[in-house]
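Would you mind keeping the following structure in view while I ask a few things?
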Amino acid sequence: MMKMLVCTVALCLAQSGLAFSPTPAQRTAFASIQRSSTVMKTGESLAAQLRSQSDDELLAAVDAAKAELYDMRHKRATRQTVKTSDYDAAKYKINVINMILSERK
């Protein structure tokens with residue numbers, strides 16, 4: 001959102017004949033944005049965290065993620081506000097858990 005705002009301001013200033021360049025801190029902030037679903041705050045990947053759980057806990061996590069995905073689809077169908085990035089995060093989590101379960105067999 002901030003990046004879009006900065007781009008809009010830069011475009012408006014360019015059209016009015018004024019110059020604009022983002023500060024080095026803003027450039028660094030935009031460059032450091034990462035996908036939050038793959039790496040947790042501890043720096044440990046989602047797969048590494050899930051591998052420490054038992055099979056029963058993983059099966060429960062798959063059911064919870066599928067229920068979350070269903071709820072998001074239901075909210076979207078009823079025109080409620082849903083973050084579209086949460087779809088990918090839920091699908092990714094389901095795929096990682098299924099991969100770990102298949103590795104153990």
| said: Would a single hydrophobic cluster contain both Tyr92 and Ile97, if residues Ile, Leu, Val, Met, Phe, Trp and Tyr are joined by side-chain heavy-atom contacts under 4.5 Å? | reply: yes
| Is it true that Val96 and Leu69 fall in one hydrophobic cluster, defined by side-chain heavy atoms closer than 4.5 Å? | no
| said: Nearest 0.5 Å, please: how far is CD1 in Ile100 from CG in Asn95? | reply: 11.0 Å
| request: Scan residues 73-84 for pairs that pass salt bridge (charged side-chain N to carboxylate O under 4.0 Å, His left out), counting only residues two or more places apart or in two chains. | output: none
| If Ile, Leu, Val, Met, Phe, Trp and Tyr residues are connected whenever their side-chain heavy atoms lie under 4.5 Å apart, and connections chain through other members, are Leu50 and Ile94 in the same group? | no
| field | Pairwise side chain to side chain donor-acceptor pair (under 3.5 Å) hits with a residue in residues 50-71, at least two apart | value | Arg51-Glu103, Asp55-Arg104
| field | Spacing of Lys93 atom NZ and Asp86 atom CG [to the nearest 0.5 Å] | value | 11.5 Å
